[in-house]
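Before any comments, here is the structure.
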Amino acid sequence: MEPKDRLMAETENNNNDDDDVKNEQRFLSIKSRLSLHPLEHCWVFWHYRRARRRSTKKWMDCQRTLVEIDTIESFWMFFAKQRSPSMVRINQDYALFKKGIKPMWEDPANMNGGQWIFILQKSQDNYDSVINEIWYKIIMAMLGSIFKPEIMDQICGIVFSMRISCFTKISIWVNDYRAIKQILILGNELKRLTKFNDCIVFRRNDNMQTKFIL
Ligand code: MGP
């Protein structure tokens, strides 16, 4: 029997109980067990797989949405089934973006934006655990909206890119490369959160020019 059906059956079995207070308490307890915990923003998980050599598919056509995440429960249900970033196959990206924003430069929310980029060498010590930790820590910080509202407003999403070359990239996309104060606060927060010792770079989406290095 589904948990929801079991709880409904519990309610029905107790319909004859004369004690109103007890019934009320039971009802509240059942309600809280059924209720979900909404996130401040709804997020969409995307997957990109590079097209085969002879394919005529454009870059954009290789992007597809996987799931919408709008509660803590939907986050855990989905991520528990996902492979960890270090296990992702080459030439694939995973992205998590606010609902309504596509993980591409052309989206109006990204056109004037930029990205903080973490680059991880595959040869570095503890590569697997470092990359998994960075990915999950940043995702949980974004979903939990732990940054100040003016920083959360800037954040569009995050992309994980597994490449055949010797590096892997994690990029946090923001809305406006001219919002210098917010961008620098975010960059410092990301470094503190992930305890990342190497430099991270900020690039504009329109020309990939490096604007900041932290
Ligand atoms: P990439 O996946 O961001 O970088 O872009 P990668 O693979 O690390 O290699 P790099 O050396 O180019 O940094 C690779 C290619 O994918 C780009 O040159 C574009 O052709 C295409 N591409 C990537 N992005 C993020 C976009 C996008 O937002 N829009 C379009 N139209 N193409 C993109």
Side-chain angles (χ1 to χ4, degrees), residues 39-50 58-70 75 78-79 82 85 88 91-120 131-163 167-194 196 198-214:
L39 299 171
E40 198 176 320
H41 297 276
C42 178
W43 300 82
V44 178
F45 208 67
W46 294 74
H47 178 239
Y48 160 86
R49 177 180 291 141
R50 189 178 285 177
K58 292 195 184 119
W59 181 88
M60 282 184 194
D61 303 332
C62 302
Q63 290 277 3
R64 66 185 175 122
T65 57
L66 295 180
V67 70
E68 279 187 23
I69 294 172
D70 59 357
F75 163 73
F78 177 68
F79 274 78
Q82 278 301 110
V88 170
N91 293 329
Q92 298 196 23
D93 294 354
Y94 280 97
L96 185 71
F97 271 65
K98 282 179 183 162
K99 188 176 176 182
I101 307 179
K102 293 181 180 153
M104 40 191 85
W105 312 317
E106 292 83 352
D107 190 288
N110 296 320
M111 263 175 188
N112 297 314
Q115 342 176 348
W116 274 116
I117 303 176
F118 289 71
I119 292 185
L120 287 107
I131 199 137
N132 293 340
E133 210 176 316
I134 293 177
W135 176 244
Y136 289 121
K137 273 189 175 165
I138 300 179
I139 282 189
M140 285 202 257
M142 284 177 11
L143 296 187
S145 295
I146 69 156
F147 305 111
K148 289 194 178 132
E150 62 265 32
I151 308 294
M152 278 310 298
D153 286 348
Q154 274 296 323
I155 294 177
C156 295
I158 180 167
V159 184
F160 173 89
S161 314
M162 180 64 89
R163 294 291 176 263
F167 72 88
T168 297
K169 210 168 54 169
I170 293 181
S171 351
I172 298 83
W173 290 39
V174 301
N175 176 257
D176 186 355
Y177 68 78
R178 294 156 300 191
I180 296 175
K181 186 175 152 219
Q182 289 86 338
I183 287 170
L184 290 177
I185 294 175
L186 176 63
N188 282 306
E189 292 268 308
L190 291 172
K191 281 203 79 167
R192 191 184 53 77
L193 184 74
T194 56
F196 191 61
D198 292 338
C199 290
I200 58 173
V201 295
F202 183 85
R203 296 206 183 120
R204 287 168 53 159
N205 283 343
D206 56 354
N207 58 11
M208 280 295 140
Q209 188 189 318
T210 299
K211 263 180 81 80
F212 308 110
I213 301 179
L214 281 179

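Quick note: numbers below take in every heavy atom, side chains included, and nothing from hydrogens, waters or symmetry partners.
You'll find the side chain of Ile170 reaches within 4.5 Å of the side chain of Ile131, heavy atoms only. You'll find the side chain of Met104 reaches within 4.5 Å of the side chain of Met60, heavy atoms only. Between Lys98 and Trp43, some side-chain heavy-atom pair lies under the 4.5 Å cut-off. Between Leu39 and Asp70, the closest side-chain pair of non-hydrogen atoms is not below 4.5 Å. At least one side-chain heavy atom of Leu143 sits less than 4.5 Å from a side-chain heavy atom of Leu96.
Considering all non-hydrogen atoms of both residues, Tyr136 and Pro85 come closest at OH-CD, 3.7 Å. The minimum heavy-atom distance linking Thr194 with Lys137 is given by the pair CA-CD, 4.4 Å. In terms of heavy-atom proximity, Lys191 sits nearest to Cys199 at NZ-CA, 4.2 Å. Between Ile134 and Phe196, the shortest heavy-atom distance links the atoms CD1-CD1, 3.7 Å. Pairing each heavy atom of Ile138 with each of Leu193, the nearest pair is CA-CD2, 4.2 Å.
Rounded to the nearest 0.5 angstrom, Ile117 CD1 and Arg203 CZ are separated by 4.5 Å. Note that the CG atom of Leu190 and the CZ atom of Arg192 stand 9.5 Å from one another [nearest 0.5 Å]. With rounding to the nearest 0.5 Å, the separation of CZ in Arg204 from CG in Asn207 is 4.5 Å. We find the CD-CH2 distance between Glu106 and Trp59 to be 7.0 Å, quoted to the nearest 0.5 Å. With values rounded to the nearest 0.5 angstrom, Thr210 atom OG1 is found 9.0 Å from Met208 atom CE. Between the OH atom in Tyr177 and the CZ atom in Phe212 there is a gap of 11.0 Å [rounded to 0.5 Å].
Using modelled atom types, one side-chain atom of Asp61 and one backbone atom of Lys58 make a donor-acceptor pair closer than 3.5 Å. Distance alone, capped at 3.5 Å, is enough to place a donor-acceptor pair between the Asp107 side chain and the Lys102 backbone.
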Run Arg163 and Lys169 through side-chain contact (heavy atoms from CB on, under 4.5 Å) and show every step you take.
CA-CA 8 Å; Arg163 294 291 176 263; Lys169 210 168 54 169; 5.6 Å; no

Report the C-alpha distance between Phe202 and Leu184 in whole Å, list the side-chain angles of each, state the deciding distance to 0.1 Å, and finish with yes or no for side-chain contact (heavy atoms from CB on, under 4.5 Å).
CA-CA 9 Å; Phe202 183 85; Leu184 290 177; over 6 Å; no

Ring pair (Phe, Tyr, Trp, His ring centres under 6.0 Å) for Phe45 and Phe79? Distances and angles first, verdict last.
CA-CA 10 Å; Phe45 208 67; Phe79 274 78; 5.2 Å; yes

Pair Gln92, His47 - check side-chain contact (heavy atoms from CB on, under 4.5 Å), show working.
CA-CA 7 Å; Gln92 298 196 23; His47 178 239; 2.6 Å; yes

Can Phe97 and Trp173 be said to form a ring pair (Phe, Tyr, Trp, His ring centres under 6.0 Å), step by step?
CA-CA 9 Å; Phe97 271 65; Trp173 290 39; 5.5 Å; yes

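Atom CZ of Arg178 has more than 12 heavy atoms from other residues, nucleotides or ligands within 6.0 Å.
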For residues 146-162, which side-chain N or O atoms pair as donor and acceptor with protein atoms under 3.5 Å away, sequence neighbours left out?
from, atom 1, to, atom 2, distance (Å)
Gln154, OE1, Asn175, N, 3.3
Gln154, OE1, Asp176, N, 3.1
Ser161, OG, Asp93, OD1, 3.4

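Partners of Asn91 according to the side-chain hydrogen bond (donor to acceptor under 3.5 Å, both in side chains) rule, which considers only residues two or more places apart in sequence or in another chain, are Arg50.
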